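Here is the structure we will look at, set down as structure tokens.
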Amino acid sequence: MNFTRAAEECNVTQPALTRAIKTLEEELGGELLRRERQHSHLTELGRRMLPLLQQCYDAATSAKSLAKAVQSSDVAPLNVTISNSINIALLVSPFTELFRAYPGAHLKIHRGSPAAVIEALKNGEVELAVAGPLDQAWDRLDTWPLFQEGIELAVNSDHPLARRNEADVALAQLAAEPVLSRIDWETSEELSRSLSAKGYSPRTAHEVETDQDLLALLEANAGVGFVSLTSPRSSNTRRLKLRDLDVSRIVSVYAVAGRQRSPVATTLLNLLRSADWSSFGVSEPA
């Protein structure tokens with residue numbers, strides 16, 4: 001509450017500080033300070049405004065510090081979208097290498113359906129995307145295939161199909177089984193076509209959007225489900241090969257053709273393209 005010391009701390013003259021306070025008071029519509037020699041004090045409005053104005057000041061200071069850090073590469077922001085059908089555990093190794101190369105990397109990971117993945121790329125919300133087949137839904141997509149994986153059947157460990165000695169199952173054995181359906185799964189259309197070609201029409205029991213939700217319903221023994229090889233597993237479920245059905249999908253990294261990428265995005269792209277995915281049981285893309 002000392003105007004002289006306040007002016008010195010702000011590196012301005014005392015009249016300039018007084019004018020600035022006056023301008024702020026006019027903007028807020030009332031007195032913030034009362035100057036009474038040794039008894040200058042905040043008004044009621046001033047006391048109420050102080051924490052809010054402190055927040056404004058702190059936010060402005062933080063923004064300035066962040067901008068400086070970004071310009072000096074101490075912070076490297078990167079927005080990435082991953083489709084709902086991709087197990088993020090697949091990306092641990094590339095992310096580890098990215099953080100080693102860019103200790104200041106600041107990842108913002110989005111999740112979504114295939115349509116949401118494309119939209120995020122279109123509007124510049126993200127620089128890279130990892131997803132299954134997007135069927136070239138947009139002609140400006142740059143696509144780098146990463147690996148190819150098969151589609152399996154997942155069942156609860158107590159399900160009769162799981163208690164057999166066989167490691168595979170025929171479609172005919174699924175005739176009466178309720179099937180958990182994935183909404184907006186990149187593999188849905190190809191899987192449906194292949195099943196129809198074999199004369200099998202799944203009896204849909206429940207619909208889910210993510211692998212985690214599908215896994216939860218499998219653990220509740222609410223049905224059986226078609227899943228990709230790398231989708232999350234649990235000790236309460238069992239995987240079975242599909243004896244008379246050969247369906248697979250290619251997982252790729254996507255970016256927008258012709259759009260400049262940041263150094264940290266380029267690094268992650270190169271790490272993904274050079275990664276060894278064989279430990280996940282997948283194969284090189286055909």
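We use all heavy atoms of the structure for the numbers below, so side chains are in, but hydrogens, waters and symmetry mates are not. Predicted model only: the values in this text are computed from it and were never measured.
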>> Could you check whether E152 pairs with R233 (Lys NZ or Arg NE/NH1/NH2 to Asp/Glu carboxylate O, under 4.0 Å)?
In response: yes
> Cluster question for you: counting only ILVMFWY and a side-chain heavy-atom cut-off of under 4.5 Å, with indirect links fine, are L218 and I183 together?
Replying inline: no
>> Strictly below 4.0 Å, N to O, side chains only: are E97 and R100 in salt-bridge contact?
In response: yes
> Going by atom types only, do S283 and Q148 share a side-chain donor-acceptor pair under 3.5 Å?
Replying inline: no
>> Pair L174, Y200 - check side chain to side chain contact (heavy atoms under 4.5 Å, CB included), show working.
In response: CA-CA 9 Å; L174 305 180; Y200 172 63; 3.6 Å; yes
>> Which residues pass the ring pair (Phe, Tyr, Trp, His ring centres under 6.0 Å) test with F147, not counting sequence neighbours?
In response: W277
> P160: what forms a side-chain contact (heavy atoms from CB on, under 4.5 Å) with it, not counting sequence neighbours?
Replying inline: R163
>> If we ignore hydrogens and angles and just use 3.5 Å, is the side chain of R259 paired with the main-chain N or O of L121 as donor and acceptor?
In response: yes
> Can you check whether L90's main-chain N or O pairs, donor with acceptor, with N87's side chain at less than 3.5 Å?
Replying inline: no
> Of all residues at least two apart in sequence or in a different chain, which pass the salt bridge (Lys or Arg N to Asp or Glu O under 4.0 Å) check with R261?
Replying inline: none
> Is there a donor-acceptor pair under 3.5 Å between the side chain of E149 and the backbone N or O of S228?
Replying inline: no
> Applying the side chain to side chain donor-acceptor pair (under 3.5 Å) test to D168, which of Q173, K241, R243 qualifies?
Replying inline: R243
> Does H41 NE2 have over 12 foreign heavy atoms under 6.0 Å away?
Replying inline: yes
>> Under the criterion side chain to side chain contact (heavy atoms under 4.5 Å, CB included), I'd like the reasoning laid out for L78 against E127: C-alpha separation, chi angles, the key distance, then a yes or no.
In response: CA-CA 7 Å; L78 175 60; E127 291 192 73; 3.6 Å; yes
>> Assess the residue pair E177 and R203 against the criterion (salt bridge (Lys or Arg N to Asp or Glu O under 4.0 Å)); give the C-alpha distance rounded to whole Å, side-chain angles, the decisive distance to 0.1 Å, and a yes or no.
In response: CA-CA 7 Å; E177 296 293 338; R203 181 168 67 87; over 6 Å; no
>> If we ignore hydrogens and angles and just use 3.5 Å, is the side chain of R164 paired with the main-chain N or O of L161 as donor and acceptor?
In response: yes
> Between S234 and N236, is there a donor-acceptor pair closer than 3.5 Å when you use the side chain of the first and the backbone of the second?
Replying inline: yes
> Looking only at atom types and distance, does a side-chain atom of D142 sit under 3.5 Å from a main-chain N or O of A255, one as donor and one as acceptor?
Replying inline: no
> Taking NZ, NE, NH1 and NH2 as the nitrogens, is one of them in R48 or E44 under 4.0 Å from a carboxylate oxygen of the other?
Replying inline: yes
> Residues in side chain to side chain donor-acceptor pair (under 3.5 Å) with Q14, at least two apart?
Replying inline: T4
>> Under a 3.5 Å cutoff, is there a donor and acceptor pairing between the side chains of T43 and E31?
In response: no
>> I'd like to know whether L245 forms a side chain to side chain contact (heavy atoms under 4.5 Å, CB included) with I151, so could you lay out the CA-CA distance, the side-chain angles of the two residues, the decisive distance to 0.1 Å, and finally the verdict.
In response: CA-CA 9 Å; L245 188 70; I151 304 301; over 6 Å; no
> Taking atom types as modelled, is there a side-chain donor on D276 or S278 under 3.5 Å from an acceptor on the other?
Replying inline: yes
> Have S231 and R239 got a donor and an acceptor in their side chains that come within less than 3.5 Å?
Replying inline: yes
> For the side chain of S196 and the backbone of R193, is there at least one donor-acceptor N/O pair under 3.5 Å apart?
Replying inline: no
>> Determine whether a donor-acceptor pair (N or O, by modelled atom type, separation under 3.5 Å) exists between the side chain of S157 and the backbone of T237.
In response: yes
>> Just to verify, what does S113 make a side-chain contact (heavy atoms from CB on, under 4.5 Å) with, not counting sequence neighbours?
In response: A115, A116, D184
> Do I250 and V130 share a hydrophobic cluster (ILVMFWY, side-chain heavy atoms under 4.5 Å, transitive)?
Replying inline: no
> Can you tell me if R238 uses its side chain to pair, donor with acceptor, with the backbone of V155 under 3.5 Å?
Replying inline: no
>> Once salt bridge (charged side-chain N to carboxylate O under 4.0 Å, His left out) is applied, what residue pairs with a partner in residues 207-231 remain, sequence neighbours excluded?
In response: R182-D211
>> Is there a path of hydrophobic side-chain contacts, each under 4.5 Å between heavy atoms, that joins V208 and I88?
In response: no
> Taking it one step at a time, do R249 and S85 satisfy side-chain hydrogen bond (donor to acceptor under 3.5 Å, both in side chains)?
Replying inline: CA-CA 11 Å; R249 71 167 186 171; S85 70; 2.8 Å; yes
> Are V227 and I82 grouped together when hydrophobic residues (ILVMFWY) are joined by side-chain heavy atoms under 4.5 angstrom apart?
Replying inline: no
> Does F226 share a hydrophobic cluster with L214, counting links as ILVMFWY side-chain heavy atoms below 4.5 Å and allowing steps through other members?
Replying inline: no
> After noting the C-alpha distance and the side-chain angles of T204 and V179, does the key distance pass the side chain to side chain contact (heavy atoms under 4.5 Å, CB included) rule?
Replying inline: CA-CA 5 Å; T204 300; V179 177; 5.7 Å; no
